[in-house]
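The next block holds one structure in the form of structure tokens; read it before the comments.
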Amino acid sequence: RLEQRCLDGRPLYRRVGMVSFSPSSKSPAHELVALESGHDNDGRQGCKRQDSQLDAPEYPVYLQRAMMIAAVIYLWSLPWLKDIGFTNTCTAQEHNGVSYSYPYCLYDFRFRGHDFWVCSGASVSDYIAQPQATGLLAALLFWSCLHLWLPGNYVVGREAYRSLLVFQIFFGAFLSCPVTRWPTLHMFVVQVFCMAGMVHMFIMYMYSPSLTTTLCAWTAICGFLGVCCTGLASFFFTPGFCNVFPYAFYFFEALGLSAMTLFVVFWENRSLRCC
């Protein structure tokens, strides 16, 4: 929350922390820094800005954070929501005389005309393969995705934009390509958005303002890395790996997305602070 205070007709603002501004930036934050010398962008002295533009009410912040925390709770509640029919569970499959059923989920991945039957186990992808489950996840993660853009706008520049853009595109594809219909495409999409998430969280870790956000960033990195490693282990060691760790893929998916969401909750944009 930004406030404008005047002393002898001059607005007082100063920058705090690691900040990277583009000279061509048109953001309100850039305009406020420009007022540090006591002049507005037109060269006029005095406090010209409306206080109402800066003193936003507190309640939207609490509502946004409540939705983000609700997204974390929802991710870890997916296995139990299947009991009321809200989330999906994989259908029973039989391959080479062996029957596979939840949580030992078996999918047929096709590459260049060849079929690869992989026991991937339970996953967020499988749980949300219902219209209502997908819609609720997208709604709850909306604020998290939105606010992930805000630190990049003021802190880290192009690197954060590129990694977050790739993550955003492929996370959208993750929601729109259910594993129950397009398993091969879905597997590719998951791997790409997890790698993009790892890169973006590492970039944000380097600008992390607190120990809490640092822990969230590294937890997200470990979660997304776990998804990639678990996917490879399931592919090369099926069904042995799945039989021992049927919930591993789900655990790492939920861990990565939850930590990324909590990173946004605990992040405080301290690029500007009133004197």
Side-chain angles (χ1 to χ4, degrees), residues 18 20-22 24-25 27 64 67-68 71-72 75 109 111 120 123-129 134-135 137-179 181-208 213-235 249-267 269 271:
M18 294 173 287
S20 175
F21 286 98
S22 170
S24 60
S25 174
S27 65
Q64 292 161 13
M67 289 187 66
M68 295 177 196
V72 175
L75 282 168
F109 298 99
F111 295 99
S120 58
S123 64
V124 172
S125 307
D126 186 66
Y127 285 126
I128 67 169
T134 304
L137 182 66
L140 292 176
L141 288 179
F142 167 77
W143 283 111
S144 302
C145 292
L146 172 64
H147 283 265
L148 277 170
W149 288 95
L150 300 184
N153 189 33
Y154 297 119
V155 180
V156 291
R158 293 182 179 179
E159 293 81 4
Y161 274 106
R162 289 168 180 168
S163 60
L164 188 54
L165 180 62
V166 175
F167 174 85
Q168 191 82 63
I169 292 173
F170 282 88
F171 183 73
F174 162 77
L175 296 175
S176 60
C177 298
V179 67
R181 294 199 61 183
W182 299 288
T184 305
L185 178 61
H186 185 88
M187 181 186 66
F188 171 75
V189 164
V190 168
Q191 298 297 318
V192 174
F193 97 69
C194 284
M195 287 187 287
M198 279 191 289
V199 173
H200 184 70
M201 283 290 97
F202 182 77
I203 294 172
M204 298 310 297
Y205 148 73
M206 293 189 293
Y207 295 87
S208 178
T213 51
T214 297
L215 291 176
C216 289
W218 275 108
T219 303
I221 291 171
C222 292
F224 291 136
L225 180 61
V227 172
C228 297
C229 294
T230 303
L232 291 175
S234 299
F235 188 84
F249 203 89
Y250 160 73
F251 172 78
F252 286 114
E253 272 187 309
L255 183 67
L257 292 173
S258 298
M260 200 174 199
T261 299
L262 291 176
F263 176 88
V264 180
V265 173
F266 292 117
W267 176 277
N269 192 347
S271 58

### Member of R158, H200, Q168, M201 meeting the side chain to side chain contact (heavy atoms under 4.5 Å, CB included) criterion with S163
H200
### Message
Tell me whether T213 contacts the main-chain N or O of F263 through its side chain, where contact means a donor paired with an acceptor under 3.5 Å.
### Response
no
### Task
Check A259 against A220 and note the closest heavy-atom contact, atom names and distance.
CB-N, 3.4 Å
### Task
Please report the shortest heavy-atom distance between C216 and F266, naming the atom on each side.
SG-CD1, 3.8 Å
### Task
Please identify each residue that fulfils ring pair (Phe, Tyr, Trp, His ring centres under 6.0 Å) with F142, with sequence neighbours left out.
none
## Note on the structure
By ring pair (Phe, Tyr, Trp, His ring centres under 6.0 Å), W218 pairs with (sequence neighbours left out) Y205
### Message
Please determine whether side chain to side chain contact (heavy atoms under 4.5 Å, CB included) holds for the pair F171 and L141, giving the CA-CA distance in whole Å, both sets of side-chain angles, and the decisive distance to 0.1 Å.
### Response
CA-CA 11 Å; F171 183 73; L141 288 179; 3.4 Å; yes
How many angstroms lie between [atom1] in [X] and [atom2] in [Y], if you round to the nearest 0.5 Å?
{"X": "L255", "Y": "M260", "atom1": "CG", "atom2": "CE", "answer": "12.5 Å"}
{"X": "L225", "Y": "I221", "atom1": "CG", "atom2": "CD1", "answer": "9.0 Å"}
{"X": "S123", "Y": "F251", "atom1": "OG", "atom2": "CZ", "answer": "15.0 Å"}
{"X": "F235", "Y": "S120", "atom1": "CZ", "atom2": "OG", "answer": "12.0 Å"}
{"X": "F252", "Y": "C228", "atom1": "CZ", "atom2": "SG", "answer": "11.0 Å"}

With sequence neighbours excluded, tell me which residues meet side-chain hydrogen bond (donor to acceptor under 3.5 Å, both in side chains) with [X].
{"X": "Y127", "result": "Y102"}
{"X": "T230", "result": "none"}
{"X": "T214", "result": "S208"}

### Task
Could you tell me which residues satisfy side chain to side chain contact (heavy atoms under 4.5 Å, CB included) with L165, sequence neighbours excluded, listed by chain and number?
W149, I169
### Task
Please list all pairs passing the side-chain hydrogen bond (donor to acceptor under 3.5 Å, both in side chains) test where one or both residues lie in residues 256-266, with sequence neighbours left out.
W76-S258
### Task
Test L257 against F224 for side chain to side chain contact (heavy atoms under 4.5 Å, CB included), laying out the working first.
CA-CA 8 Å; L257 292 173; F224 291 136; 4.3 Å; yes
Can you give each donor-acceptor pair under 3.5 Å made by side-chain atoms of residues 183-198, sequence neighbours left out, with the distance rounded to 0.1 Å?
{"from": "T184", "atom 1": "OG1", "to": "R110", "atom 2": "N", "distance (Å)": "2.9"}
{"from": "H186", "atom 1": "ND1", "to": "C177", "atom 2": "O", "distance (Å)": "2.5"}
{"from": "H186", "atom 1": "NE2", "to": "S125", "atom 2": "OG", "distance (Å)": "2.7"}

### Query
Step by step, would you call L75 with L137 a side chain to side chain contact (heavy atoms under 4.5 Å, CB included)?
CA-CA 8 Å; L75 282 168; L137 182 66; 3.7 Å; yes
### Message
Before you tell me yes or no, could you show the steps for I128 and L175 under side chain to side chain contact (heavy atoms under 4.5 Å, CB included), namely the whole-Å CA-CA distance, both residues' side-chain angles and the distance that decides it to 0.1 Å?
### Response
CA-CA 8 Å; I128 67 169; L175 296 175; 4.0 Å; yes
